[in-house]
Amino acid sequence: MAPKVLMVAEKPSIALAIASALSGGRMSTRRGSTEVHEFDGMFLGFPVHYKVTSVIGHVFSVDFPARFQDWNSTNPLDLFDAPIVKSESTPKANCFYSINLRHLSQEARGCGHLVLWLDCDREGENICFEVIECTGFQSTAGKKVHRARFSSVTEKDILKAMNSLVEPNKNEAQAVDARQEIDLKVGVAFTRFQTSYFNGKYGNLDSRVISYGPCQTPTLGFCVRRHLQINTFKPEKFWTLHPYIMYKGYELKLDWQRHRLFDSDVTQMFRNFVKEDGFLKVIGISEKQVSKGRPAGLNTVNLLKVASSALGFGPQLAMQLAERLYTQGFISYPRTESTAYPASFDYKGTLGALARNPVWGDYVQQLLSDGYHKPRSGTDAGDHPPITPMSSASENILGHDAWKLYQYICQHFLGTLSPDCKYTSFSFTSCFRLAKAFGIGVHNSSKSISFTLPAIFHMHEHHRVYNSLCYLQNYLYKFSKILLLHGIKAYEPWGSTQPPDHLSESELISLMEENGIGTDASIPVHINNICERNYVQVQAGRRLVPTALGISLIRGYQLIDPDLCLPDIRSFIEQQISLVAKGQADHSLVVEHVIEQFKRKFIYFVKQIENMDALFEAEFSPLSDSGRVLSKCGKCLRYMKHIPTQPSRLYCGTCEEIYYTPPKGTIKLYKELTCPLDNFELLIFSMPGPEGKSFPFCPYCYNNPPFEGIDNIFGASKSSSSVKLGKGAGMPCFLCPHPTCQHSMISQGVCACPECDGTLVLDPVSAPRWRLYCNMCNCLVSLPEGAHRISTTGDHCPECDSTIIEVDFNKKTTPLKDGATLHIGCILCDELLYSLVEIKHGKSFSRNARHRGRGRGRGRRGHSGRGRGSKKQHDPRMSFRDF
DNA sequence: GCAAGGTC
């Protein structure tokens, strides 16, 4: 059998391109975690069997070990010296691709060579070593690792790279390791300190996390800098003259060449001169040919700028739309830095694909028949070609927003192939004759007051210039060199100088790009971050207006240590890790050095925090003045206040303790019931919307789970729970294993979830639309509607072990004979109850399926709680109706 | 609950 060669790319699209190029399209493709393309070919002069697959970005990410994860017991300062661990990045919830790591180690089995086709940048080089680690290639004798260096994913470049394989560059990979460690330690240390300090002191900051980061903070800094410029702007009054002439009913306003004066009296003097004379003489006309070059190819950052400024789409939305257009085959890969097309690019073919489009098809035909120009040369970053339409679409197919974005991408592409845009700009200059005023008999332009009719031109799509007013100007010039002044306007004052507007998102993207803050893929994330943290708000025209919180933070850094919010902080880190990438400095020495510097900055920042706090004090209210009285503290038995602004929390003024509550919902007192474990009054949390779940929780247990390892025992890992538990997310009652408390999962749990490993729990306040919800997934089951009361009993069904429930039907609507209202039974085995229950929705079963077999559900009974049909119990997708 | 960087 031919030896096997495994090739790994950074994303599925590249794997496909490489396999297609090397196999000439003759390959077989099978679906693994990611697609695997297989074919036979030659490698280093020998016949081999190729397998080409990909990862999906980074395989690993860095974090602190578990013992540093607890905010309360970890001093943020210690994070600088803490170890860091690499662990497999958890795949996205809606992603069928499960696991990069296992996929790779499986595919690598039996392969003698590994060829790394990761993107040719530092991140790609870093992922090379992640792949090597996953495949175990490094450690096995007789196996060889190769790095393909390609400048584009064209067939030519792929073949060229194949013939000049090199070794992966450890230095570049280590530079990324260094950046990861520095970003993690600095970001997390500052974030935890700020969050604890300010959220522990003020009640209306309106952000769960007061985050800091070497990218997001300078991004915020740009917005605040502009805001402060606006606030400190001192307007000045100015005066100007605007004479009017009439032409065939048109009133034409002329601009004064002096533009404006800051002196009222002098302006008034000029005004009188002009008015007294009443005539203007045309002394010159200019006709300029102006040319605007056709654009180069479109890259991500430029797309984002136009999307924001012209289409009104934020970067996050724009990328989502672009991503969808890409996966549907309408445009090429949307994340690219390059604005230059590869030499081999098939313009004709791409134009051909657009030729039948009803909107611009005619223009495309014209370009094809009259000949198109090659795009202006841009820059080639060696990643992907510029963003280009791939096939024709219509608004009906794409929907409004995606269509607008697609339309721009098409028009930009057609623009790159069109002739340069040429247009003519006309203007004429006229002057008021100063003869009278200055007693000079002859016109002298040096002593005249000149006015200009502003150049008027209109560019039509496809660069045709129309301008009826140009003819008008010509007419004026030829036939009427002396113009009668129709009127003159000069208000007092005409106006005042205006401050700049708030930073537009598009300007911000440019600033970030210029200063090396973020990358094309991460710029939208950083902007989104500062919005979500409530540091800025996007207002009309997509302008970013900082909030009181955002301003206080930046002004605070400016007072304590301006470096912290200047863009240079990113370039400093970049410059340091570049030394590692070039092999000029040792990885660990650089990390140590940079971390040490930031540690010192951190210590100083903590010491000086009062300076920032003074700004917060002026702007925000202390916890003791915030919120409204809600429930009793179990320790001091005094009332605590609920502070509903993010992060939602309770504050006990007596104990000076904070108890975080689940986010994004309403919180009410739960019938003044108390938790048997700690005496705190129970609360009921309701998620918004008609289908929103409600559940009781004890504020103390929620923040300090009384039973260790709740996650492991019940498989309800915080991330997989459909309820976003949020900060301190410990244990709501639906996870509580208390054996006798009437609110615990043991008491309220009814049966195993049909779709995951969770337990269906009675929603105690769902009347009259009674229901059960799963304590782990989205599964929702409606119970008989309109019942007065539904409650669990202490009994279990002898047949399926579900909890027996008691239903008190409404007198008028009771389905029971003779108008009886009380009915007791098992919802699965009792014919009547079974006929009245209905599964509403449940989406997430596949994700949790792998937790199966760990015994939970009814908890102490393990599997026995799962339905009665033992024959079907192994199918996790079994619908509720199949029981 | 935290950073920034890949990608789906």
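Remember, predicted model here, so these are calculated numbers, not experimental data. Protein chains get the first letters and strands the later ones, always in sequence-line order, with residue 1 at the start of each.
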With the side chain of [X] defined as its heavy atoms from C-beta on, choose the nearest nucleotide among [options].
X         : options                : result
Asn529(A) : dT7(B), dA4(B), dC2(B) : dA4(B)
Val188(A) : dA4(B), dC2(B), dT7(B) : dC2(B)
Glu10(A)  : dG1(B), dA3(B), dG6(B) : dG6(B)
Val62(A)  : dA3(B), dG5(B), dG6(B) : dA3(B)
Arg335(A) : dC8(B), dG6(B), dA3(B) : dC8(B)

When all nucleic acid strands are considered with a 4.0 Å heavy-atom cut-off, which category describes [X]: base, sugar-phosphate, or nothing?
X         : answer
Tyr333(A) : sugar-phosphate
Phe190(A) : nothing
Thr327(A) : nothing
Arg649(A) : nothing

field: Sub-4.0 Å heavy-atom contacts from residues 214-222 of chain A onto DNA chain B, ordered by number
entry: Pro214(A), Cys215(A), Gln216(A)
side-chain N/O [X] vs [N] OP1/OP2, d < 4.0 Å:
X         : N      : value
Ser522(A) : dA4(B) : no
His526(A) : dG5(B) : yes
Arg122(A) : dA4(B) : no
Arg179(A) : dA3(B) : no
Thr519(A) : dG6(B) : yes
Tyr326(A) : dT7(B) : no

field: Distance-only donor-acceptor test, Gln320(A) side-chain atoms vs dC8(B) base atoms, 3.5 Å
entry: no
Steps toward side-chain hydrogen bond (donor to acceptor under 3.5 Å, both in side chains) verdict (Ser89(A), His58(A)): CA-CA 7 Å; Ser89(A) 310; His58(A) 275 287; over 6 Å; no
- request: Let me know which of Tyr197(A), Tyr557(A), Phe605(A), Phe193(A) forms a ring-ring contact (aromatic ring centres under 6.0 Å, His included) with Tyr212(A).
  value: Tyr557(A)
- prompt: Can a donor-acceptor pair be found between the side chains of Ser626(A) and Tyr202(A) at a distance below 3.5 Å?
  reply: no
